[in-house]
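Have a look at the structure below, then the notes.
Just so it is clear, the values below take in all heavy atoms, side chains as well, and ignore hydrogens, waters and symmetry mates. Each chain gets a letter, A, B and so on, in the order its sequence line appears, and its residues count up from 1.
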Protein chains: 2
Amino acid sequence: MKKTIFVFSALIIALLFLFKLGKYAYFSGDISMEIGIAVIALVFFFIGIYINKKALQKKKSESPAVDVKKIEQLGISKREYEVLVEISKGLSNKEIAHTLFVSESTIKTHVSNLLVKLDAKRRTQAIQRAIDLQILSV
Amino acid sequence: MKKTIFVFSALIIALLFLFKLGKYAYFSGDISMEIGIAVIALVFFFIGIYINKKALQKKKSESPAVDVKKIEQLGISKREYEVLVEISKGLSNKEIAHTLFVSESTIKTHVSNLLVKLDAKRRTQAIQRAIDLQILSV
DNA sequence: ATGGTTTTGGTACTTTAGTATGAGCTTCGA
DNA sequence: TCGAAGCTCATACTAAAGTACCAAAACCAT
């Protein structure tokens, strides 16, 4: 929002500046005035593109980020989240146990807790829920 | 590409038209000329936004589409793909059997075939592979 | 119509996944 | 320092998931 205000302020200033240019052009005849108008048009044309691009960049960078707040809200611990990530990669409990250097029993405990906290019956459903909740970066 | 050419042609026409407007404004004094310039600036400002938005829409609609060719290349049949979609929703074999009105045995057969064709050991891995291959719309 | 593919289904079996319960250990804030 | 919370692990189950192999319809193109 602050940036939007700043950009529009800059726009107004640019507009006023172009008014001055327009006046100078006014004294120097038709042809240079047409060039001046063309310059003004092009400048604002690219300003429009620039602002639009900036606005869309924000939207993009907002969506695929992992929502840390929701992880806390769901009461998911760091270790449980690590397990969740490995699940989403398609690993089995045994494989996850190896990559995290713990026993398979531990992983099973974490998975069971995850299923409760994510309100899922299976690990595949947990993946879907996590994606919906923007907890996992797809 | 055709659209781009068309848009730029329209831009040039609009520019010529605004030159005429500029000349009329030239005869009616300073104030109306400033307004004319402002109008020109605003018009091109929004034209820039519009063109940029159109260009980005194309990019977006290109990426998240399901790649039908790859499905064929992998030898995945329609029915098998249906099962794949249900798997990605987090359903169990029994649930998939109900939604597709067949027996659980049939689903197991489809799943086994899918795992081979997707080179996966588990259904969770199959989901990941399918997403990587752009076979599933995330 | 005949052969290839798809879809369907079954049996029998092995392997993962998931639940329930209990328990020892660490960490960290009140 | 005391308890709550998190991490760890085990046992003993039940329930899904997955494999292997077979086989009968259905569908589709030559």
Side-chain angles (χ1 to χ4, degrees), chain A residues 66-133 135-136, chain B residues 66-133 135-136:
Chain A
V66 174
D67 197 336
V68 187
K69 295 175 188 172
K70 261 175 201 160
I71 298 176
E72 292 177 13
Q73 285 175 3
L74 294 169
I76 296 175
S77 66
K78 318 130 216 160
R79 203 57 166 169
E80 284 167 352
Y81 183 72
E82 289 183 282
V83 173
L84 178 60
V85 171
E86 300 303 317
I87 287 177
S88 74
K89 290 180 184 171
L91 299 187
S92 69
N93 289 337
K94 195 175 292 181
E95 288 170 340
I96 298 173
H98 283 148
T99 60
L100 297 186
F101 304 106
V102 291
S103 78
E104 195 184 340
S105 303
T106 307
I107 301 300
K108 282 191 177 185
T109 307
H110 288 322
V111 172
S112 274
N113 292 332
L114 271 172
L115 293 182
V116 174
K117 290 173 182 176
L118 286 173
D119 189 32
K121 290 172 186 169
R122 283 162 291 282
R123 48 171 54 207
T124 50
Q125 207 173 43
I127 295 174
Q128 259 311 122
R129 289 277 300 138
I131 293 174
D132 285 350
L133 294 168
I135 281 178
L136 284 176
Chain B
V66 173
D67 198 335
V68 187
K69 294 175 188 172
K70 261 176 201 160
I71 298 177
E72 293 177 13
Q73 285 176 3
L74 294 169
I76 296 175
S77 66
K78 319 130 214 161
R79 204 60 166 166
E80 284 167 353
Y81 183 73
E82 288 183 282
V83 173
L84 178 60
V85 171
E86 300 303 317
I87 287 177
S88 74
K89 290 180 184 171
L91 299 187
S92 68
N93 289 337
K94 196 175 290 180
E95 287 170 340
I96 297 174
H98 283 146
T99 60
L100 297 186
F101 304 107
V102 291
S103 78
E104 195 183 340
S105 303
T106 306
I107 301 300
K108 283 192 177 184
T109 308
H110 288 322
V111 172
S112 274
N113 292 332
L114 272 172
L115 293 181
V116 174
K117 291 173 181 175
L118 286 172
D119 190 31
K121 290 173 187 167
R122 283 161 292 281
R123 49 171 54 206
T124 50
Q125 208 174 43
I127 294 174
Q128 261 309 124
R129 289 277 301 138
I131 291 174
D132 286 349
L133 294 168
I135 280 178
L136 283 176

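- Taking only side-chain nitrogens and oxygens, Asn93(B) comes nearer than 4.0 Å to OP1 or OP2 of dA17(D).
- Picking from dT19(C), dG9(C), dT16(C) the nucleotide with the shortest atom distance to the side chain of Lys94(A) gives dT16(C).
- Of all the heavy atoms in Leu133(B) and Lys70(B), the pair that sits closest is O-CD, 3.2 Å.
- For the pair Glu104(B) CD and dG18(D) P, the interatomic distance rounds to 11 Å; values are reported in whole Å.
- Heavy atoms of Thr106(A) sit under 4.0 angstrom from at least one base atom.
- Side-chain proximity of Arg79(B) to dT8(C), dC7(D), dA10(D): nearest is dT8(C).
- Going from atom CD1 of Ile96(B) over to atom P of dT7(C) covers 15 Å, rounded to whole Å.
- The CD1 atom of Ile107(A) sits 12 Å away from the P atom of dA10(D) (whole-angstrom rounding).
- Across all strands, Ser103(A) comes closer than 4.0 Å only to sugar-phosphate atoms, never to a base (heavy-atom distances).
- Relative to the side chain of Ser105(A), the nucleotides dA16(D), dT11(D), dT19(C) differ in distance, and dT11(D) lies closest.
- If you check every strand for non-hydrogen atoms under 4.0 Å, Ser77(B) touches sugar and phosphate atoms only.
- Nearest heavy-atom pair across Val102(B) and Ile107(B) is CG2-CD1, 3.7 Å.
- A salt bridge does not link Glu72(B) to Lys69(B): none of the charged nitrogens lies less than 4.0 Å from a carboxylate oxygen.
- For Val111(B), the side-chain atoms get nearest to dG18(D) when compared with the rest of dG18(D), dT7(C), dT16(C).
- Annotation for Lys94(B): atom NZ does not count as buried by contact number, only 12 or fewer foreign heavy atoms lying within 6.0 Å.
- Atom CG in Asn113(B) sits roughly 9 Å away from atom P in dT6(C) (whole-Å rounding).
- With rounding to whole Å, Ile76(B) atom CD1 is found 16 Å from dT7(C) atom C1'.
- Candidate nucleotides dA17(C), dG18(D), dG9(C) were compared by shortest atom distance to the side chain of Arg123(A), and dA17(C) ranks first.
- Nearest to the side-chain atoms of Leu115(B) among the listed nucleotides dG18(D), dG9(C), dG18(C) stands dG18(D).
- Regarding Glu72(B), its CD atom lies at a distance of 12 Å from the P atom of dT6(C), rounded to whole Å.
- Closest to the side chain of Lys78(A), out of dG18(C), dC7(D), dA17(D), is dC7(D).
- As rounded to whole Å, 20 Å separates atom C1' of dA16(D) from atom NZ of Lys121(B).
- In this structure, CD1 of Ile87(B) is placed 13 Å from C1' of dA16(D), rounded to the nearest angstrom.
- For His110(B), a side-chain nitrogen or oxygen approaches OP1 or OP2 of dT8(C) to under 4.0 Å.
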| field | Test log, rule salt bridge (charged side-chain N to carboxylate O under 4.0 Å, His left out), inputs Arg122(A) and Glu95(B) | value | CA-CA 12 Å; Arg122(A) 283 162 291 282; Glu95(B) 287 170 340; 2.8 Å; yes
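- A salt bridge is absent between Glu86(B) and Arg123(B): the closest approach of a Lys/Arg side-chain nitrogen to an acidic carboxylate oxygen does not fall below 4.0 angstrom.
- Heavy-atom distances to DNA chain C give each of Lys108(B) and Val102(B) a nearest nucleotide, and the one nearer the 5′ end belongs to Val102(B).
- At a threshold of 4.0 angstrom between heavy atoms, the contacts of Ser92(B) are confined to the sugar-phosphate backbone, with no base atom among them.
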